Amino acid sequence: MVGAATAYGLAKQGQKVLVLDGEDLTLSASKANFGLVWVQGKGWDHAPYAQWCQIATNLWPELSDELKATQVDISYQRRGGFDFCINEQEWQERESMMSALWKNTDGMFEYEMLNHSKLKKMIPEISKSVIGASFSPQDGHVDPLALLQALCKAMQNLGVTYMGNCLVEAITPTHGEYVVKGAKGVFTAGKIVLCAGLANGQLGEQLGMNIPVVAERGQVLITERLKPFLKWPTLNVRQTAQGTVQIGDSHEDVGLNDGTTPEVLKQIAQRAVLMFPLLSSVHLVRAWGGLRILTPDGNPIYQQSTSNPGVFSVTCHSGVTLAAAHAGPLCDWILGDSYLPVIEQFSMDRFDV
Amino acid sequence: MFKVLDDNHEFDTQISFDGKDHLVPSNITVAAAALLIGVKSIRETPVTGAKRMPLCMMGVCYECLMKIDGVGNQRSCQTLVRQGMVIERQIGATEVEAGYYEA
């Protein structure tokens, strides 16, 4: 997703781009994620991330319009989104998080804390166990698989060469250029943008960059298709445009294992039913696990190699939310044009003590 | 179009299909019963409304979803007919009733 958005953005700026993608079963958050275009909670403890998410979500409607030319329906909606609180402690923590986010964005972040009765007016299906929620009108969601397909189509329409099943084995600097050895051949480029998610660590290492990335597993349940009952996405339950309900939001440190476990799926289901009792009668049709790409502080890393100029690492957890920023302002930075100063805040310098 | 190969089957199980009663053999699946009765479609898809019939008959493809005894999206190829069973075509997605389960 990160690679597709960046390649699309670079092509829009007239660059000649070659995309080398992994295999179908390569661990990839692009194909296993929740599809939220989300600002709530992102960057409450790191102002640049909060501001960057604002930039991205505000550019999203434009990206969505551009992708219409691909004829792929990405089902993008920005009606707002909820994050529920089931006890007083969650409410207190949420309230201070939201107000920190508001300060971090100089008031650009819009939100409202809704008590149960206000929430019930908007979502009548909500149970009494939910004491309230935070709501941001800036949040939304998208069909992430369709988004990936649309970005791939859009970049190819602009002349990008896409090569799938081409895992990169080695990158070597040679005479001011870089030679990339992939499963399907050897390629040369003046600039390299590493958008390989969890594999950015090992690819960066070859070029003298130490990019700290770790995997965090999230498990997800998918229900049968239901008539629309939930107009808005929430952090752990959302109804897709096709009617299935996606239920998730677990966090586990299990290395590169993207499987599922009955214990965690049970917790996910219990929490969802606690919030939406009507889900108790609904059939589940699938369960899957996916790996988030986390940096030590959870914020993106945008870094140009100092020893190998022209090599960039683009690493983040929010590939969907940030897609519009990656296809736009991030490309200005990669191309060395005048760019938004906030991008410099995501260099790896912040990890140096 | 479809017929029972084994002549010894007794048509002794009464089911209702979209409000009409039929007698079918016992120990066959709802999907098989639908084929035997000769219905033209057993469901309409939630997204495009396309008419569908059972396909794999072994529980994998989810093409044979029907409303059985009031519960929607049942795999009819994995459900045996039962005396008095009420079967309806699955039209679009299942409806969940708001507030129905709230105490």
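Keep in mind that what you see is a predicted model, and the values were worked out from it rather than measured. Letters go in sequence order (proteins before strands), and every chain restarts at 1. Computation of the quantities below employed the complete heavy-atom set of this structure, encompassing side-chain atoms and omitting hydrogens, waters and symmetry-equivalent molecules.
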Review point. Should the heavy atoms of other residues, nucleotides or ligands under 6.0 Å from NZ of A/Lys227 be counted, would the total exceed 12?
Key: yes
Check your understanding: For the residue pair A/His283 and B/Val71, what are the closest heavy atoms and their distance?
Key -> CE1-CG1, 3.9 Å
Check your understanding: Out of B/Asn73, B/Thr94, B/Val96, which one pairs with A/Val282 under the side chain to side chain contact (heavy atoms under 4.5 Å, CB included) rule?
Key -> B/Val96
Point to revise | Within 6.0 angstrom of B/Asn27 CG, more than 12 heavy atoms from elsewhere | key: no
**Study point:** Whether over 12 other heavy atoms sit under 6.0 Å from A/Asp24 CG
**Key:** no
Check your understanding: Rounded to the nearest 0.5 Å, how far does CD of B/Gln90 lie from CZ of A/Arg225?
Key -> 12.0 Å
Review point. Got a sec: does the CD of B/Gln83 have more than 12 other heavy atoms crowding it under 6.0 Å?
Key: yes
